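The structure appears below as structure tokens.
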Amino acid sequence: MAKMNMIQALNSAMDICMNRDPNVLVMGQDVGYFGGVFRCTAGLYQKYGAHRALDMPIAEGGIVATAIGMGVNGLRPVVEIQFADYIYPAVDQIVSELARLRHRSGGEFFAPVTIRAPCGGGIRGGQTHSQSPEAIFTHACGLKTVMPSNPYDAKGLLIAAIEDDDPVIFFEPKRIYNGPFDGDHLKPATGWASHPLGEVPEGYYTLELGKASIVKAGNAVTVISYGNMVHVAEAAIKASGLDAELIDLRTLLPLDTDCIEKSVQKTGRCVVIHEATRTSGFGAEIVSQIQEACFWHLKAPIGRVTGWDTPYPHAFEWEYFPSQARIIEALQRTLECE
Amino acid sequence: MAKMNMIQALNSAMDICMNRDPNVLVMGQDVGYFGGVFRCTAGLYQKYGAHRALDMPIAEGGIVATAIGMGVNGLRPVVEIQFADYIYPAVDQIVSELARLRHRSGGEFFAPVTIRAPCGGGIRGGQTHSQSPEAIFTHACGLKTVMPSNPYDAKGLLIAAIEDDDPVIFFEPKRIYNGPFDGDHLKPATGWASHPLGEVPEGYYTLELGKASIVKAGNAVTVISYGNMVHVAEAAIKASGLDAELIDLRTLLPLDTDCIEKSVQKTGRCVVIHEATRTSGFGAEIVSQIQEACFWHLKAPIGRVTGWDTPYPHAFEWEYFPSQARIIEALQRTLECE
Amino acid sequence: MMSSANKTIYQSKLFVPTASSRPETTPDFSHLKIPSPLASKRPQVLVDAADVTDLAYGLVRVLDDDHQAKGAWQPDLSPDKLRVGLRHMMHVRAYDRRMFNMQRQGKLSFYMKCTGEEAIAVAQGMALEDGDMLFPSYRQQGLLFVRKRPVVDMMCHCISNAKDNIKGRQMPVFYSWKEGNFFSLSGNLATQYSQAVGWAMASAYKGEKHIAVSWVGDGTTAAADVYHALVFASTYKAPVILNVVNNQWAISTPQTFANTGTTFAARSIGFSIVGIRVDGNDFLAVYAATQWAAERARKGGGATFIELYTYRTEGHSTSDNPDSYRGKNEAAYWPLGDPIERLKQHLICIDQWSEEQHLAQEKELKAAILADWKEAISHGSFAEGPHWPVETMFDDVFKDMPAHLRKQRDQVGA
Amino acid sequence: MMSSANKTIYQSKLFVPTASSRPETTPDFSHLKIPSPLASKRPQVLVDAADVTDLAYGLVRVLDDDHQAKGAWQPDLSPDKLRVGLRHMMHVRAYDRRMFNMQRQGKLSFYMKCTGEEAIAVAQGMALEDGDMLFPSYRQQGLLFVRKRPVVDMMCHCISNAKDNIKGRQMPVFYSWKEGNFFSLSGNLATQYSQAVGWAMASAYKGEKHIAVSWVGDGTTAAADVYHALVFASTYKAPVILNVVNNQWAISTPQTFANTGTTFAARSIGFSIVGIRVDGNDFLAVYAATQWAAERARKGGGATFIELYTYRTEGHSTSDNPDSYRGKNEAAYWPLGDPIERLKQHLICIDQWSEEQHLAQEKELKAAILADWKEAISHGSFAEGPHWPVETMFDDVFKDMPAHLRKQRDQVGA
Ligand SMILES: Cc1ncc(C[n+]2csc(CCOP(=O)(O)OP(=O)(O)O)c2C)c(N)n1
Ligand SMILES: Cc1ncc(C[n+]2csc(CCOP(=O)(O)OP(=O)(O)O)c2C)c(N)n1
Ligand SMILES: [Mg+2]
Ligand SMILES: [Mg+2]
């Protein structure tokens, strides 16, 4: 085992896949010589050459399109979109093509492309370096959507994603690349070294896509989240002293409904948390499924704590970012219902 | 008053706006000389000239981008995307630019663009001529999203959309362009002439965006839908003889929560219906809001009847399309809960 | 210029392109310069793009007005091969005719012909190797004939029956045929163009010799994916042939809304990609240019951009009536003729074909197509089936069906 | 070539572009052809694009190696105007220096300089009319100086304080200034380029004389919006100037990943748009080419595509360290010098400026910027405020705030 931050864990995942399979290559803007603006592909160019750690022109639609063509020709491209906010120019290729190719061709063709994209705010990136557009991809059938919350999961899930024959959209909350972040930006930053999930095997392992993890067991209320917000939720639960069960979805689609339902049937209460804008965010889907499957167990309306329905502001980042305080408030509201 | 089908009503709306305001122009593929593949802009080129009914190159992203530039320069462009399925190449311009321009510029700039797009299936169009991508646009804050279900609403809402200083995404269910459709494809088609909402004033009028309409009052269960599915729901309610209240949302964003909540608080039961794929569809948002606002009134889980999470198939269109039977089944399931 | 109640009246200075003809005008193509087959030089395949920009403004032709093969681009094609080409083109036309008629009779939901453009897919298909990967648009059905896709299978796809290899998933003509290296068609225009470049990059990456070939229409050249294809193909010198089938129309929109005032072939100049403009109705010229481009790609010269200058003789699709937006019979004014007629006349001219043989072959193909149709519908019709079992709609969304889809499938009552 | 456990080892034939230099190599620009100012002809503005394709491969220059103005492109600029230009450039550089330093001290969240590229925005801004609409990227801060945006206001934006005209919504340098016809910057590269074309189309539609002007970087030319801009600008002959600032780098990626093996200016040839390649560090050449293009647009000649050949002397932004991906001091090898130095020497050379004046002006501007900064922070700092009231975050999402946003706003506790 080694201490790794998320960047190192993701890097290790790609390194291992490239080493095992010459069909794996990484591609995207600045991912080659430079190793990526967040350094996730650092060293891969030097180790595997310019042909396998491919710098690419600034055209996300072209990057994803060529990755699809490569996938059809037997490769396993791992695409980096420099910021999730810049995935939109590729939406047509992702939604109309990548997601549907296997189905529309009756199973004849498929493209096992993994698309990595740093997402989320809290880095003073303003409206175009802070977004969490995961909901869109869960609406387009044919894509798996993943968002890890820690180095251990990130590596195991990324290897699984790369090896998966279905396309995977892999969002990486950039605020926690270097350390867990509990939402309190005034506290000194801590690295992953002191976090148990910063212990990462150096070798190959995978985590099954579609399986949530229970971060903390509890009986009073179920808290469902993913990515960065898992840490904020964990801190909020701790601070509040409430007996909450915290679920880290890890994969949004396919969704681990068993895990969710079992928990909510036990607690009868639930709060769903994400950083993305509220309206039609993925939280809405989670809430809908829970109220359908667990209706008779529910003792209170399911709460949502989310980003506001505004662009991510530069000056009011911490008023936008779902805070521990907002989570605690939602938990208490849920628990007050009788 | 005149008898109009939806195409005529939409055409009349554009004609009236062009006549009143030289800043209004229509633009898109085949919308000029030919009048649009669905004929919605028929005659406008002949009446207003090639400069105001602008044929455009096949680049949806370019069309929306130029419309934004025109909007910034004082015009009110009405864009036609030939099929909603082809809106994806414009998603970056819509989501990153059109939706956010006013906010990101501190209110300095805005572009009052209306984007019309025929949506929905039931015309044997297969996976790329049948989609209903409305949910995506409701997730991107800064856009209004509209989907009318009849000629009267279509005209009043389209004039309101064109005159609105915010960008509006205006989806037109193409299956009901020529007549209401209750989901039974074996029945002979009926036109709008015999439908009360096929009576349309020839002159100017608007319907406020953000207001739902109650198609049919009832007490036992609330049925919420929009677009084509309103007619299927209406027929299903009639066929089942249930005392359902049917709400036609008309505008998805801003959502008429007052209307919805009042109804669900009365009935205690609700079924939400849309044709789009289920997961992360707009139904999820509606369900989430209702369970939050009306939790203590709910006597049964809120049901969703939607398209399946598959691409729209060519051969199994009627197994995909949410049928009266599926709606009735959902209504009964909801009503059985005690 | 436009009337308005009480607002400013604008004096628009905006330039708006015009059409070659509209119903109220008489078609006139007399301004087109049709050079002689002797006018184009045929450079070495590994030439620098900058040195052959004239190819983008000329028109590569082989068949002259007397049906003789002339000039530098004459391909090395035996009479046998030419007859095979003629037969494929006639086969395609016979197929299109029947399918169109069957659509009119309600047996298909939709259909698209390639009438007048048959030389393109057929000659290009013949000039390629079987291992080359095809990323077509919807008017290259000829490729399937060249690659020997059974006609019955094509028909079964078009009627979404139980023998449709893509399981009833797509509208007619959106073929897919993996075995034949024919990529699944998309309804979204142009998306396959940049994918083809990725396929070609992978081929180069793997050190293989196969190339990718893709097609878009004149109207579709405006799409972003076409730009991506050009930028990426050039940046990585991908072994790919990028074709533009300029059939003058994009539904009702004339090519003037896409050609930006010059030839389509010229668009490649700014990307250091060789652009060649070819008489798309001249089977020999199309074959020769494709062969040249394929050799260039295989030798590491990178991409070639070919504009195939042709004419869409009929409507856009079964949903279209061209008389409502273009001059009556505009096709008759088209100066480059009909590709089948031209190859037929050439073969007759070199004593390798006759009117009688032609008529007999026409009859034979028509009968064959009829027999194929009968066999196809014996496997099921669109309206009546048998189709694939309904629950297969949930297959192939993912490789393995996740729980939520199994649940939905069960609700369909499978 | 790549090692692998027990799988095929590929012999890749894929071409991958290389960089002008990397930390392990010595920069070398000696292969660049720098023509003399006498080499380029200056055509009439309403020339046919096809007749002047040489402009796309040449390099328009006015200042020669001896700092004299030479050749056909000499603009009609008085010494006074030149001094204004010099002053703006020096002002921009002083501003950039301070803002960069303030970022290093934690007063800004981020900053981007345009060092080495000052001539572009300043000369272009001066060659335009006030009513012309600017759709810039993030390295054209010089435009704001030319249009007399108060420096304090720019700073207030960069620190998101209570006087930020865009209300703390955007990262530093994403300016917006409606009054100055300076369009709101987007973080998404290139999106403004095709919007500018739409603005210009509207101007033509309304019969007005104002033109639109937009800028992208070399790397950004690969984006779809650039293609859309070219296709639409050409199709409707929009009165627009489309600029490519080729500063050789896109973050760590050399321009070879975007130039497709030729000049950027050449990209416009296939669209019948005049492409001009200009020495971007030559104030007079930039001014002259822009003036030419603006006149062309105003006279109905349509778009001009200008490649401004320059060099990004410093890092991409405050988040970047160029030494990790390009040869040490590559800027020092750049053969086209520094724009400020070159204009200064020209003015000295024509006896209109002196070293003393230059030093004095440098000092004066530095002091002015310092004073501006002090005033700016007196209106609030990024870290401490005052900012706009928090609840204004919900304003301007829509013109009128809908109920769901009012509800959310109330939860923020406003
Ligand atoms: C992205 C996208 N936009 C619009 C359409 C609708 N559409 C289908 S075919 C067509 C015209 C294409 O014309 P062209 O490229 O010239 O090809 P042709 O039909 O002439 O072969 C259009 C606009 C589409 N299929 N995809
Ligand atoms: C659509 C999009 N993709 C990626 C980025 C991230 N990004 C910001 S600047 C930049 C490099 C741009 O280089 P260039 O166009 O040469 O401009 P320069 O910085 O040299 O002025 C990149 C990739 C972005 N902002 N938008
Ligand atoms: Mg065409
Ligand atoms: Mg650059």
Side-chain angles (χ1 to χ4, degrees), chain A residues 60-61 85-96 99-100 103-104 126-128 131 133-142 252-253 255 272 276-296 298 300-304 307-311 313 337, chain B residues 60-61 85-96 99-100 103-104 126-128 131 133-142 252-253 255 272 276-296 298 300-304 307-311 313 337:
Chain A
E60 288 76 9
D85 316 61
Y86 304 138
I87 203 166
Y88 301 111
V91 157
D92 188 43
Q93 284 285 346
I94 296 173
V95 169
S96 306
R100 301 222 194 94
H103 193 265
R104 82 164 192 234
Q127 53 142 5
T128 54
Q131 294 170 50
E134 65 275 6
I136 292 175
F137 302 97
T138 62
H139 187 46
C141 43
L252 310 191
L253 200 122
L255 184 63
V272 179
T277 50
R278 183 184 195 80
T279 300
S280 296
F282 190 63
E285 179 60 32
I286 300 171
V287 169
S288 297
Q289 292 199 23
I290 294 173
Q291 74 81 35
E292 195 175 343
C294 310
F295 184 80
W296 303 106
L298 283 176
I302 307 161
R304 280 191 285 173
W308 307 118
D309 284 325
T310 76
C337 291
Chain B
E60 287 76 8
D85 315 62
Y86 304 138
I87 204 168
Y88 301 110
V91 158
D92 188 43
Q93 283 286 347
I94 296 173
V95 170
S96 307
R100 302 224 193 92
H103 193 264
R104 81 165 192 234
Q127 53 143 4
T128 55
Q131 293 169 51
E134 66 275 6
I136 292 175
F137 302 97
T138 61
H139 188 44
C141 43
L252 310 191
L253 200 124
L255 184 63
V272 179
T277 49
R278 183 182 193 82
T279 300
S280 296
F282 190 63
E285 179 60 33
I286 301 171
V287 169
S288 297
Q289 293 200 23
I290 294 174
Q291 74 82 34
E292 195 174 343
C294 311
F295 184 81
W296 303 107
L298 283 177
I302 306 161
R304 280 191 285 173
W308 308 118
D309 283 325
T310 75
C337 291

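Naming convention: chains lettered A, B, ... in sequence-line order (proteins, then strands); numbering from 1 in each chain. Since we're looking at a predicted model, the values are computed, not measured.
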Intermediate values then yes/no, side-chain contact (heavy atoms from CB on, under 4.5 Å), A:V272 and A:F282: CA-CA 9 Å; A:V272 179; A:F282 190 63; over 6 Å; no

Side chain, backbone, both or neither of B:Q131 within contact of chain A (heavy atoms, under 4.5 Å):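 Only the side chain of B:Q131 comes within 4.5 Å of chain A.
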
For B:Y88, ring-ring contact (aromatic ring centres under 6.0 Å, His included) partners two or more places apart: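 So B:Y88 forms no ring-ring contact (aromatic ring centres under 6.0 Å, His included) with any residue.
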
Rounded distance (nearest 0.5 Å) linking atom OG1 of A:T279 with atom CG of B:L253: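 Going from the OG1 atom of A:T279 to the CG atom of B:L253 covers 6.0 Å.
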
Give me the atom names and distance for the closest heavy-atom approach of [X] to [Y].
X: B:R278; Y: A:E285; answer: O-OE1, 3.6 Å
X: B:C141; Y: A:T310; answer: SG-C, 3.4 Å
X: B:G61; Y: B:Q93; answer: O-CG, 3.7 Å
X: B:Y86; Y: B:T128; answer: OH-O, 3.2 Å

Can you tell which part of [X] gets under 4.5 Å to a heavy atom of chain B, answering side chain, backbone, both or neither?
X: A:W308; answer: neither
X: A:L298; answer: both
X: A:R304; answer: side chain

Against chain A, work out which of [options] has the most heavy-atom pairs shorter than 4.5 Å and name it.
options: B:S280, B:A99, B:A276, B:G142; result: B:S280
options: B:E60, B:H103, B:E292; result: B:H103
options: B:T277, B:D309, B:I290, B:V287; result: B:T277
options: B:I302, B:T138, B:L255; result: B:I302
options: B:A300, B:G303, B:G126; result: B:A300

Among the listed options A:D85, A:I286, A:V91, the residue most often paired with chain B at heavy-atom distances under 4.5 Å: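 Sorted descending by pairs with chain B, the first entry is A:V91.
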
Partner chain B: residue of A:C337, A:P311, A:G281 with the largest heavy-atom pair count (under 4.5 Å):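 Heavy-atom pairs under 4.5 Å are most numerous for A:P311.
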
